[in-house]
Each structure stands twice: as C-alpha cells, then as structure tokens.
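Let me begin by presenting the structure, written as structure tokens, before commenting on it.
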Protein chains: 2
Amino acid sequence: MTRKIYNCEHGCAVESTLQMISGRWKSVILYHLMFDGSLRYNELQKLIPGITRRMVSLQLKDLEKDGLIYRKVVQEKPLQVVYGMTDYGYSLKEIIELLYRWGEDFNHKNAGLLEEECLTCN
Amino acid sequence: MTRKIYNCEHGCAVESTLQMISGRWKSVILYHLMFDGSLRYNELQKLIPGITRRMVSLQLKDLEKDGLIYRKVVQEKPLQVVYGMTDYGYSLKEIIELLYRWGEDFNHKNAGLLEEECLTCN
DNA sequence: CTGTATCCCCGGTGATACTG
DNA sequence: CAGTATCACCGGGGATACAG
C-alpha cells in the first residue's frame, strides 16, 4: 500500500485523510478498537462478520504502518496479540464519530432499502 | 453504483457514510462545491487537475443520485449547467471540514514525503 | 492462536474518440 | 459547452490452503 498523492489543490487534504481510513474493513476496525478498546486478532474477526483472516491481517498492517494502531505481543506460546489505538489514531475519534452518526441517520432514513438488501442483518 | 450494505454490526454506519464520499474524486468535488460555491461542469474540470470529463460525469451523477448535490440547467444553447450542494449535502460540511483539517496536519507532518512523490504539486 | 501464500476475479478508473 | 460510448487495465479484495 503505497500512499498516493493526489492533485494538491484544495481538497487534496481531504483525500489524504480518506486514504488512511478507506479500505474495505479499516473504518470498522477503527470503530471497534476505538470504542470497544483494544482487541485480539481473533476477537476482531469475530466482531466483524464476513471478514477473512487475510483481510484482518492486511488492514491491520496498513493501519499500523500508518501509525493509527499498535500491535503488541502479549504472550508467546500460545501466541497472543493485542491491537489498540495509538494516540495518533485517537485523533481520528471525532471524525469516526461524525461518520458514524451521519451514517446512522442515513441508514435510518433508508431503513426500507436496507432491510431488503442487507444479508447479515440479524 | 448500487449501494452496498455491509455487516450491520456497530461500525456499519461508518461504512455507509464513507460509501457516499468514497470514489476517486468525490471528496474533492464535494470540497469545491461546498467551499467555492456552485460550479459549472467545466469549472470543476479546471479546478481539479487530472480528472477526465468521464469521471466528472460519473462522480457528479453518483453524488446527485445520493441527493448530496443538485444539477441545474441554467440555459440551453449554449448548454449551461450548474452543480451545487443540496441541504442534505451540506449536512456533510462538518465531516468534510474535519477530514480536511486532519489531512492538512498529516500532509504537513509528511511534507518531505509529499514533495518527493507529488507530481502535480505546483 | 495468529497469521502467510496463491490464485483469481471483478469493478472502478484511465485513455480516447464520438455526440447533441 | 456538457456530456456519452468503448475498450482495456490493474489492484483491492475474496476463497482456499498452508505455516509457526
């Protein structure tokens, strides 16, 4: 995942941020680590229906590389790893919260649609 | 562009929002329409280096379909069209602003990197 | 338990030419 | 001026099997 630099006119900064939290599962992972607290690899996988081990790995690796989360080996044999937000990651808190609230509102407004299409609801 | 419904556990709402503003050029377009005011097709293209006419069309169409922007024909012969934010679109203002500020900070911190990789800067 | 290695597919996007 | 039509590419992500 090489960071892309877009056109650097106004608006570029918005893309820089989106780049960090875009990725099929990044925002959900961030949401969980932010509001559920630090979690283990397996816990994340259980919390996020549909995600594969591969994607847990890849997305976590990206987020870690960007300094938004940390990875800590708690114990070897059996291997135990914990992921959590860094301070830098927490600086995204307000953004994630706003995205969440806006989305809640959107989902509410489009509840009819969602019920029809959402396969994993309930 | 069919709206995708992800796993509807917590975090789902964040994805719903991101879905609306993700897309190669959507966030920049939103930024411009939000802070520069309504703009014509050509003006948008000029303001956004690198975007093709095709993408201007596609992204605008998506945004319009989602109710975030409106399209208004100002005059026929010669055809003149203006795009602008709807009230619903403006409800994203705080989000876009935060994304922008966070990204500015990020770009600043990584200025060295950016200078090397950014092809369209200055 | 916590990952990695491979293979493959599909949709988003770029390039380019055409249109009302 | 404001788009649309086609084609082609490529990289993000899914499925599955393997590994320390």
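Below, read A as the first sequence line, B as the second, and so on, with proteins coming before strands; counting in each chain starts at 1. The shown structure was predicted, so the numbers you read here are calculated from the model rather than taken from an experiment.
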* Asked: Does the side chain of A/Ser57 get closer than 4.0 angstrom to OP1 or OP2 of C/dG3 through an N or O atom?
  -> no
* Figure out the CD/C1' separation between A/Gln59 and D/dG12, and round it to whole Å. => 9 Å
* Does B/Ser16 reach the main-chain N or O of A/Gly103 with its side chain, forming a donor-acceptor pair under 3.5 Å? -> no
* Determine which pairs satisfy salt bridge (Lys or Arg N to Asp or Glu O under 4.0 Å) with at least one residue from residues 72-98 of chain A, sequence neighbours left out, and list them in order. => A/Lys93-A/Glu97
* Structure fact -> Here the distance between atom C1' of D/dA5 and atom CE of B/Met55, to the nearest Å, is 15 Å
* To do: Can you tell me the distance, in whole Å, between the CG atom of B/Asp62 and the C1' atom of D/dT4?
  => 15 Å
* To do: Take the protein atom CG of A/Leu58 and the nucleotide atom P of D/dA15, then report the distance between them rounded to whole Å.
  => 14 Å
* To do: Whole angstrom is fine here: how far is it from CD1 in A/Ile29 over to P in C/dT2?
  => 14 Å
* Structure fact -> Separation of D/dA2 atom P from B/Ile51 atom CD1, nearest Å, is 14 Å
* Any B/Lys61 side-chain N or O less than 4.0 Å from OP1/OP2 of D/dG3 -> no
* OP1 or OP2 of D/dG3 under 4.0 Å from side-chain N/O of B/Tyr83 -> yes
* Taking CD from B/Glu76 and P from D/dG3, how many angstroms apart are they, rounded to a whole number? -> 11 Å
* Hey, is A/Arg101 close enough to A/Asp105 for a salt bridge, meaning N to O under 4.0 Å? -> no
* **B/Tyr31/B/Tyr100 aromatic ring centres below 6.0 Å** => yes
* To do: Can you tell me the distance, in whole Å, between the CD atom of B/Gln80 and the P atom of D/dG3?
  => 11 Å
* To do: Answer yes or no: is there a side-chain heavy-atom contact under 4.5 Å between B/Tyr41 and B/Arg53?
  => yes
* To do: Evaluate the side-chain proximity of A/Met34 to A/Leu92: yes if any heavy-atom separation is below 4.5 Å, no if none is.
  => yes
* Choose from C/dC1, D/dG14, C/dT13 the nucleotide whose nearest atom is closest to any side-chain atom of A/Arg24. => D/dG14
* Can you check each nucleotide of nucleotides 15-20 of chain C against protein heavy atoms at under 4.0 Å and return B for base, S for sugar-phosphate only, - for none, in 5' to 3' order? => B--B--
* Asked: If you check the B/Arg71 side chain, which of D/dA2, D/dG3, C/dT2 turns out closest?
  -> D/dG3
* Is the shortest heavy-atom distance from the side chain of B/Arg71 to the side chain of B/Val81 under 4.5 Å? -> yes
